Amino acid sequence: MSDQSADGATPYVYLLLTMMLFGTAFTSSKVVVAELPHQVAAALRFGGAAVALILFLLIRSRGSWTFVRREVVVAGGAGLVGVFAYNLFFFWAIAHAPAIDGSLIVPVLSPVLTTVAMLVAGRDKATSRRIAGLTIGVVGAAVFFLGIGGGGEVSGARLAGDFVYLGAAACWAAYSIMSKKILAGMDPLRATTYATTAGALALAITAIPSVQSTHWDAVSSTTWANVSFLAIGPTAIAYLFYFRGLRAVSPVTATITMFTVPVFGSISSIVFLHESFTPLQLTGAVITTAGALLAVVVAPTRRGKAGPRGRTPILSTR
């Protein structure tokens with residue numbers, strides 16, 4: 001699909017597909033860290049994604065791929081935040097806390113932190129509809145969290161893991177804000193490739209001490225299948241789709257769509273990890289999704305401010 005068509009509802013289609021893939025990433029990552037150190041798991045995921053993106057870029061450019069130093073530097077810098085730092089926190093946390101916790105904490109706090117940062121910097125407006133949607137999303141997430149574990153005892157390791165998830169949320173918020181500026185003059189595929197490759201190289205360096213202690217012969221085919229899926233789906237494809245969506249909307253709007261991740265993450269956890277899904281969690285998921293939609297969808301403009309061909313815009317692309 002051409003970038004030129006990235007108007008109307010198209011950016012939101014990209015973002016929704018991204019969130020679906022992100023939701024499944026928590027489940028697959030939980031399977032992988034059960035047999036691999038979290039540093040190695042992160043390096044394999046993004047190393048594979050970097051290779052896939054480079055091949056895709058070479059195929060699309062038909063061998064005429066030209067490096068632009070500025071693009072490599074700025075996109076690579078963003079990759080150190082959104083790929084390297086984010087996944088360092090992400091895989092560290094998921095090794096200690098349930099996947100379902102991460103699928104709630106990261107997508108809920110990311111838009112909150114993004115909104116705060118954008119408002120403080122004066123780069124976004126605190127409209128009543130957006131604030132209401134954000135508030136409803138947080139309330140829904142709180143209800144969702146109350147249903148986790150059925151009220152059972154929460155271990156210290158789980159609490160520590162949940163705290164580390166906060167670092168991942170902060171990194172994603174920063175990455176979204178940085179990437180919006182980068183995408184102003186760069187093709188999404190090149191930006192995604194440079195960012196992913198830079199982050200993958202940094203992750204590979206941190207994984208070196210754990211490589212020798214990894215019991216490679218004990219890694220099951222199921223784990224390798226999940227590593228492959230993580231590299232292609234929730235990473236190469238998802239990050240590219242996120243950049244395509246982010247190119248047409250604000251960082252706040254893009255991260256607010258992450259309120260839908262708990263829904264997809266929970267469904268994935270139920271199907272593949274056999275984790276429970278209580279009626280209270282279902283209620284929270286519905287409330288969270290409603291908040292995301294309210295925050296993204298804006299009221300029709302007044303007469304005289306109609307969009308192209310006299311149509312009033314329905315979806316915000318700010």
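Quick caveat: nothing in here was measured; it's all calculated off a predicted structure.
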Legend entry - Side chain Thr196, main chain Thr192, donor-acceptor under 3.5 Å: yes
Legend entry - Under-4.0 Å salt bridge between Asp187 and Arg244: no
Inset, instruction - Dump the intermediate steps for side chain to side chain donor-acceptor pair (under 3.5 Å) on Ser213 and Ser210, then the final yes or no. - result: CA-CA 5 Å; Ser213 62; Ser210 301; 5.0 Å; no
Legend entry - Close side-chain approach of Thr206 to Phe84, heavy-atom, < 4.5 Å: yes
Legend entry - Worked check of side chain to side chain contact (heavy atoms under 4.5 Å, CB included) between Arg190 and Leu57: CA-CA 7 Å; Arg190 291 204 309 274; Leu57 188 56; 3.9 Å; yes
Legend entry - For Val83 against Ala200, the heavy-atom pair lying closest together: CG1-N, 4.1 Å
Inset, instruction - With the side chain counted from C-beta on, respond yes when Tyr239 and Leu53 share a heavy-atom pair under 4.5 Å apart, and no when they do not. - result: no
Inset, instruction - Taking the side chain as every heavy atom from C-beta outward, state whether Thr24 and Phe264 have any atom pair closer than 4.5 Å. - result: no
Inset, instruction - Return yes if some donor-acceptor pair links the side-chain N/O of Lys180 with the main-chain N/O of Val249 below 3.5 Å, else return no. - result: yes
Inset, instruction - Grab the two heavy atoms, one from Ala85 and one from Cys171, that are nearest each other, plus how far apart they are. - result: CB-SG, 3.6 Å
Inset, instruction - Measure the acute angle between the ring planes of Trp224 and Trp216, then classify it against the limits of 30° and 60° as parallel, tilted or perpendicular. - result: parallel
Legend entry - Min side-chain heavy-atom separation Leu201-Ile205 under 4.5 Å: no
Inset, instruction - Find the distance between OG1 (Thr255) and CE (Met118) and round it off to the nearest 0.5 Å. - result: 9.0 Å
Inset, instruction - Please examine the side chains of Leu189 and Leu240, heavy atoms only from C-beta on, and report whether any two atoms are closer than 4.5 Å. - result: yes
Inset, instruction - Measure from the ring center of Tyr242 to the ring center of Trp172 and say whether it is less than 6.0 Å. - result: yes
Inset, instruction - Say whether, by atom type as modelled, one donor and one acceptor occur between the side chain of Lys30 and the main chain of Ala97 under 3.5 angstrom. - result: yes
Legend entry - Student check: side-chain heavy atoms of Glu71 and Tyr194 closer than 4.5 Å: yes
Legend entry - Ring center gap for Tyr86 and Tyr165 short of 6.0 angstrom: no
Inset, instruction - For the pair Arg45 (side chain) and Pro234 (backbone), establish whether a donor and an acceptor sit closer than 3.5 Å, ignoring hydrogens and angles. - result: yes
Inset, instruction - Look only at the side chain of Ser29 and the backbone of Phe26, and say whether a donor-acceptor pair between them is shorter than 3.5 Å. - result: no
Inset, instruction - State, to 0.1 Å, how close Ala191 and Ala75 come at their nearest heavy-atom pair, and which atoms those are. - result: O-CB, 3.9 Å
Inset, instruction - For the pair Thr235 (side chain) and Leu230 (backbone), establish whether a donor and an acceptor sit closer than 3.5 Å, ignoring hydrogens and angles. - result: yes
Legend entry - Donor-acceptor pair, side chain of Thr260 and main chain of Thr257, under 3.5 angstrom: yes
Legend entry - Backbone N/O of Leu58 and side chain of Ser61: donor-acceptor pair under 3.5 Å: yes
Inset, instruction - Examine distances only and state if a side-chain atom of Ser179 and a backbone atom of Ser176 form a donor-acceptor pair shorter than 3.5 Å. - result: no
Legend entry - Min side-chain heavy-atom separation Pro251-Met178 under 4.5 Å: no
